[in-house]
Amino acid sequence: MKAIDAHAHLRKNAKGFDKIAESGAFEEIWLMDLSGVRLNGVEFASQREILQVSKDFKGRVRAFGHLDLDGAADQPDRLAEAGFAGLKPYKPRFPYSDERYFPIYERAQALKMPVLFHTGLVAKGPAWDGEGGGRSFGPVNMQPQYLAAVAEAFPDLKIMQGHLGWPHLEQTEQNLYYYKNITCDVSGFRRLIGDMPAFFDKKCNDGSARPRFFNHKTMFATDQFYGEDADNRAALKILEFWKLYFELVGSVYWRWGQPEEAEKFFRSNAAEIREYCGWQ
Ligand SMILES: [Zn+2]
């Protein structure tokens with residue numbers, strides 16, 4: 001079974017990305033544009049580089065454009081025209097649920113562009129410089145619970161919660177339990193791996209026609225910064241880790257580890273978003 005990497009990034013002047021795209025391990029890789037952001041010295045690919053890769057690997061790489069929530073309301077339209085399939089905001093000045101952002105969400109919903117929101121623990125930014133504009137500090141504005149408000153206001157917007165939102169796991173659980181249009185990914189999270197068996201087995205009450213469990217709303221992702229051979233190896237290692245976890249722990253002891261349940265986590269939850277959005 002091939003997996004969908006539902007949350008990854010691309011480095012500037014990436015090399016060897018073709019090797020991972022053609023490795024046979026991934027059905028698709030979804031690349032989040034972080035151009036302009038510098039994390040721990042890493043420089044990210046430009047908008048153009050990301051779009052080029054998504055053209056070179058058409059149908060196998062999806063590009064999510066960087067969305068500045070404090071910017072213009074027509075960004076989803078402009079990013080869709082440029083060729084982006086989805087959107088990725090990061091470090092907004094106000095909480096995700098601030099109504100000033102609603103016109104942007106309205107456009108994203110109308111255009112069927114899923115939005116991957118970073119939640120929880122976040123890379124540290126530079127210290128305050130007295131200017132005060134343009135960035136937030138820590139995960140304060142990116143707590144999972146703010147997405148509950150967005151999910152209610154925009155019930156047809158596909159809300160992808162990047163990561164599990166630690167240290168706000170209870171908020172994540174509430175989101176998955178109660179809101180049909182919120183999913184999350186496991187990338188970057190291994191801190192409480194021992195709690196995951198019970199997590200995947202939790203039941204939703206989100207209005208879905210058939211009862212769902214959390215493994216039906218949680219997606220595999222690497223959050224890898226692709227662009228060097230070591231990144232490819234790291235991504236394959238993460239994939240192997242989760243495959244073994246599902247096979248050797250899940251399928252032996254838990255409902256979610258059965259092959260048809262595991263398949264939801266590795267690919268079909270993401271494929272459902274793809275189908276809803278009509279991506280070719
Ligand atoms: Zn990321």
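All ligand and atom numbering here is 1-based and tracks the order in the structure. Quantities reported herein were computed from a predicted structural model and do not represent experimental measurements.
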Worksheet entry | Identity of the N, O or S atom of D223 lying closest to the Zn ion (ligand 1) | OD1
Fill in: K217 with D206: basic N within carboxylate O range, under 4.0 Å
yes
Discussion item. Once you measure the plane-to-plane angle for H9 and F225, does it fall in the parallel (<30°), tilted (30-60°) or perpendicular (>60°) bin?
Written reply: perpendicular
Discussion item. If you apply the rule side chain to side chain contact (heavy atoms under 4.5 Å, CB included), what do you find for E28 with R274, and how did you get there?
Written reply: CA-CA 10 Å; E28 292 188 18; R274 171 182 69 203; 2.4 Å; yes
Discussion item. Let me check your reading of the structure: within less than 2.8 Å of the Zn ion (ligand 1), is there an N/O/S atom from H163?
Written reply: no
Worksheet item: Do any of the N, O or S atoms of H9 sit under 2.8 Å from the Zn ion (ligand 1)?
Response: yes
Practice prompt. Please work out whether the ring planes of F26 and F220 are parallel, tilted or perpendicular, with thresholds of 30° and 60°.
Written response: parallel
